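Encoded as C-alpha cells, the structure appears first; notes follow it.
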Amino acid sequence: MGVTIVTSPEAGAQLAARLIVDLVRSKPHAVLGLATGSTPLPTYAALADAVRAGAVSFGAVRGFALDEYVGIDPAHPESYHQVIRREVVQPLGMDPALVRVPDGVGADPAQACRDYDDAIRAVGGVDIQILGIGTNGHLGFNEPTTSLASPTHVTALTAQTRADNARFFDTPEQVPTRAVTQGLGTISQARTLLLLANGENKASAIAAAIEGPVSSMCPASLIQLHPDVHVIIDGAAASRLTLSHYDRL
Ligand code: PGA
C-alpha cells in the first residue's frame, strides 16, 4: 500500500490528478470508478485544468459512479446522476453515453445491481477506482458490517452517514435512507484503488483502514487486501496514524 501524506488537500488533488492523467494518456479508453462527495472535487477540478491545458482528453474514457441514493429523482440536483454530470462529465469533457451511475429508481433494483456489475466486467473492469472514506470507514455506501466480498447492492444508510450528508439537503430528513452502491467485492476488482481523505474528521477512519485489522466494521480496511493502492491524505487525516514510515510530499 502506498500512503502519501501531503501538505494540503490541493497538493493531494494534484498528485491524484497526475496518476489519473498518466493512466488516460497511456490508455485513452481507460475505465474510471468515480466517487462523489466533497473529497474528490479538487481532483476533478485539477483534471479539468489538465483538459483545458490540452494535456489530456477524457473523450473516450468510461466512468462508473460508485453509488446513488435510492428513491431520489435522477434530476434532483443532489442525486449522484446530477453530481457526476456537473462535477465530472461536463468539466472533463467526457461522453455522457460512456458514463454510468447506479439506478436508484428502477422497478427491479436487484437486477439493476447485477446489470451494473456485468457492465463493469463487460468493459474489462475499472482501471482506477477513486474513493473517499466515510467518517465511519465506509467506502461508497458500504457501511460497517457489509461483506467484504459484496457485489453491487442496495443498502440502508447508517445514521452517521445520513448526518454527514445532511449538508447537501435542505433538512436532515430529506437525506435518503437507502442507496445502491458498488459492493466491496466490486471495488476490490478495480486494478488500482486511489483513496483520498482530508481533515481531522477522517483521522480515525483512516487509522482504522490503514493500521487496524481487516474488518467489515471498517469497510475501508479492504484496501489492505488489494495489491495496488494509493492513499493520499493530508496531515489532519493522517494525525491518528501511529507508524511513521509513510511518504510525505
Ligand atoms: P466526503 O464523503 O468526501 O464528502 O467527505 C466521503 C464519503 O462519505 O465516502
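For ligands, and for the atoms within them, numbers begin at 1 and follow the listed sequence. These numbers were taken from a predicted model, which means no experiment stands behind them.
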Problem - Within-4.5 Å side-chain heavy-atom neighbours: Glu211 and Ile206 - result: no

Practice task
Provide the number and element of each atom of ligand 1 under 4.0 Å from a heavy atom of Gly37.
Solution key: 3 (O), 4 (O)

Exercise for the section: In plain terms, say whether Asp127 and Lys27 are close enough for a salt bridge, that is, a side-chain N and a carboxylate O under 4.0 Å apart. Expected result: yes

Practice task
Consider every N or O of Thr36 and every N or O of ligand 1, then say whether any pair is closer than 3.5 Å.
Solution key: no

Handout entry: side-chain contact (heavy atoms from CB on, under 4.5 Å) between Ser216 and Thr146, intermediate numbers included
Key = CA-CA 6 Å; Ser216 67; Thr146 303; 5.8 Å; no

Practice task
Would you mind reporting whether Val83 and Glu78 have side-chain heavy atoms less than 4.5 Å apart?
Solution key: yes

Completion exercise
atom 3 (O) of ligand 1 has as its nearest protein heavy atom Thr39 OG1, 2.5 Å

Exercise for the section: Would you confirm whether His226, through its side chain, and Met1, through its main-chain N or O, come within 3.5 Å as a donor-acceptor pair? Expected result: no

Practice task
Determine whether Val6 and Ile233 make a side-chain contact, defined as any pair of heavy atoms from C-beta on separated by less than 4.5 Å.
Solution key: no

Fill in the blank from the handout: At under 4.0 Å between heavy atoms, what of Ile133 touches ligand 1? The answer is backbone

Handout entry: Distance filter under 4.0 Å to Lys202 heavy atoms, resulting ligand 1 atoms
Key = 1 (P), 5 (O), 6 (C)

Exercise for the section: May I ask you to identify, for Gln160, whether its side chain, its backbone, both or neither come under 4.0 Å of ligand 1 on a heavy-atom basis? Expected result: neither

Problem - Test of proximity, Arg167 against ligand 1: N or O pairs below 3.5 Å - result: yes

Fill in the blank from the handout: Of all protein heavy atoms, the one nearest atom 7 (C) of ligand 1 is His138 NE2, 3.3 Å

